[in-house]
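Just below is one structure, and these are the notes that go with it.
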2 protein chains.
Amino acid sequence: MHTQTITAPATHALNAPHAPVSPPADQFSIIASCSGVIAIEFSYRKDEEIYGEGEPSEYVYQVIRGAVRTYKLLTDGRRQIGAFHLAGDVFGLDPGTSHRLTAEAITDTTVRLVKRRSLETAAGSNIRVAHNLWTMTASDLRHAEDHMLLLGRKTAMEKVATFLLEMDRRLANAGMMALPMCRRDIGDYLGLTLETVSRALSQLNEQGILVFSSARQIVLRNRQRLADMDA
Amino acid sequence: MHTQTITAPATHALNAPHAPVSPPADQFSIIASCSGVIAIEFSYRKDEEIYGEGEPSEYVYQVIRGAVRTYKLLTDGRRQIGAFHLAGDVFGLDPGTSHRLTAEAITDTTVRLVKRRSLETAAGSNIRVAHNLWTMTASDLRHAEDHMLLLGRKTAMEKVATFLLEMDRRLANAGMMALPMCRRDIGDYLGLTLETVSRALSQLNEQGILVFSSARQIVLRNRQRLADMDA
DNA sequence: CGCGGACTTGAAGTTAGTCAATTAGAGTGG
DNA sequence: CCACTCTAATTGACTAACTTCAAGTCCGCG
């Protein structure tokens, strides 16, 4: 962690510029303000660990700017990324005493965090906070259910098509998508190797479905054909 | 649905014989009794649909006896089973207005169900109910996270080993496991074909790690070697 | 019993993975 | 500003794992 700023928990201070806050983020802001919980900002450098699998879950986080990957490892190093967390997203909300995945900054990242214990306390007296915690967890579950279908049953091309549509929805700006993560991260998210991801992207480029400004700057030219590929 | 019995919501009536009720089930019973919510029993025949993906989620269910699969389909029929629900397990708790997976009885199955709306009401006034709903959803999320790792990164043999250990833990009785589901269901749960599942089981049998009484009656002879395979 | 679905097993085919070489690009320092 | 370096990404050739297709066998149920 490199910087530390105690901020007022007022909602207006919490939205990152150009990062429209999604429903979970709104819920997080409501929680933070309703309960008088103290929100703190921290920054992490690229590839820095935010918390590790199995560590006590002391805080809940919201991405202010940057991007975070959460993943599980097998003993031999095989990695499954469960989700990418972008500006506005909440992560680290693992009910129970410990984190079930490791969280790392993909790029230099600033997060807002609140003490998990104070959230639990707030939930104990404020039914709205309790409800929001539930729906945030439920929305993680929905994503996981969709992702199990992708991992278990989609082909490489379908996986990449789904990924592009997801990222387009979540971080496209003026039609352009600036991916924060490398090909290996994408592969570990989709259950593929980085080479297979690269080949699928090249093929979509050849077909004119997307255009590269650079390897990580992508413009989708035909979302419909991409959606058709997505099974 | 074939039988319908309105039952008293008392906890003692809800536990299936020889099926120790797991924590989520306890929570469900607490909810049902604390809130005065009416619990009803229904039975479904083998392969009967309990609810469909996208349908309004009117009820939440607990398996009394039998087994249930919940799954998602792709347009061409490829299927991903997200979870198997055995005696004591709660399913259908999808926060939001509609079910995100389809639920079907694997064998003839009896469930207890409560109106989702009455749960929400109870959660609005009873913080303990709200907390239980959250932790039940969180426990589904934990399973989904573990399963993403399996689907995305484990080999066929590792998947089958994990499956056997999970089922052994959840339904072994006197060291014997009576699987309610067919090889195709197992394959669709593990992201494999039924043939690959069959071959892996045969190989474990040849190695003396398990013994078949019949195709679905399995005794694990060496849990340690199975755990070693599970990565 | 004997029918029919479930399961097993074999052989061939396909997809994605592995290994390896090359290219592109970002960041650094002269 | 440009050369250098190092990592990320691409691409190719080959391999391995799993799927597909196709017989058979088992066995649970009428």
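Hydrogens, waters and symmetry mates play no part in the numbers below; they use all other heavy atoms, side chains included. To find a chain, count down the sequence lines: A is the first, B the second, and so on, and within it residues start at 1.
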Among all residues two or more places apart in sequence or in another chain, which pass the side-chain contact (heavy atoms from CB on, under 4.5 Å) test with A/Ala200? A/Met157, A/Val160
Among all residues two or more places apart in sequence or in another chain, which pass the side-chain contact (heavy atoms from CB on, under 4.5 Å) test with A/Arg216? A/Leu179, A/Cys182, A/Arg183
Polar contact flag, side-chain donor to acceptor under 3.5 angstrom, B/Lys72-B/Thr102: no
Drop me the distance from B/Thr137's OG1 to A/Met136's CE, to the nearest 0.5 angstrom. 13.0 Å
Base contacts versus sugar-phosphate-only contacts with protein, heavy atoms under 4.0 Å: please encode nucleotides 8-23 of chain C as B, S and - from 5' to 3'. BBBB----SSBB----
So for the helix from C/dC1-D/dG30 to C/dG30-D/dC1, with five pairs setting each end axis, what is the inter-axis angle to 10°? 40°
Along DNA chain D, 5' to 3', what are the outermost nucleotides having an atom less than 4.0 Å from a heavy atom of chain A? D/dA8 to D/dA13
Dump the intermediate steps for side-chain hydrogen bond (donor to acceptor under 3.5 Å, both in side chains) on A/Ser43 and A/Thr110, then the final yes or no. CA-CA 4 Å; A/Ser43 290; A/Thr110 301; 2.9 Å; yes
Ion pair present between [X] and [Y], side-chain N to carboxylate O less than 4.0 angstrom?
X        : Y        : value
B/Lys46  : B/Asp108 : no
B/Arg78  : A/Glu158 : yes
B/Arg112 : B/Glu41  : no

By nearest heavy atom, map A/Ser214 and B/Arg216 onto DNA chain C; which one lands nearer the 5' end? B/Arg216
Aromatic plane relationship, A/Tyr61 with A/His99 - under 30° parallel, 30 to 60° tilted, over 60° perpendicular: tilted
With B/His147 via ring-ring contact (aromatic ring centres under 6.0 Å, His included) - residues at least two apart: B/His143, B/Tyr189
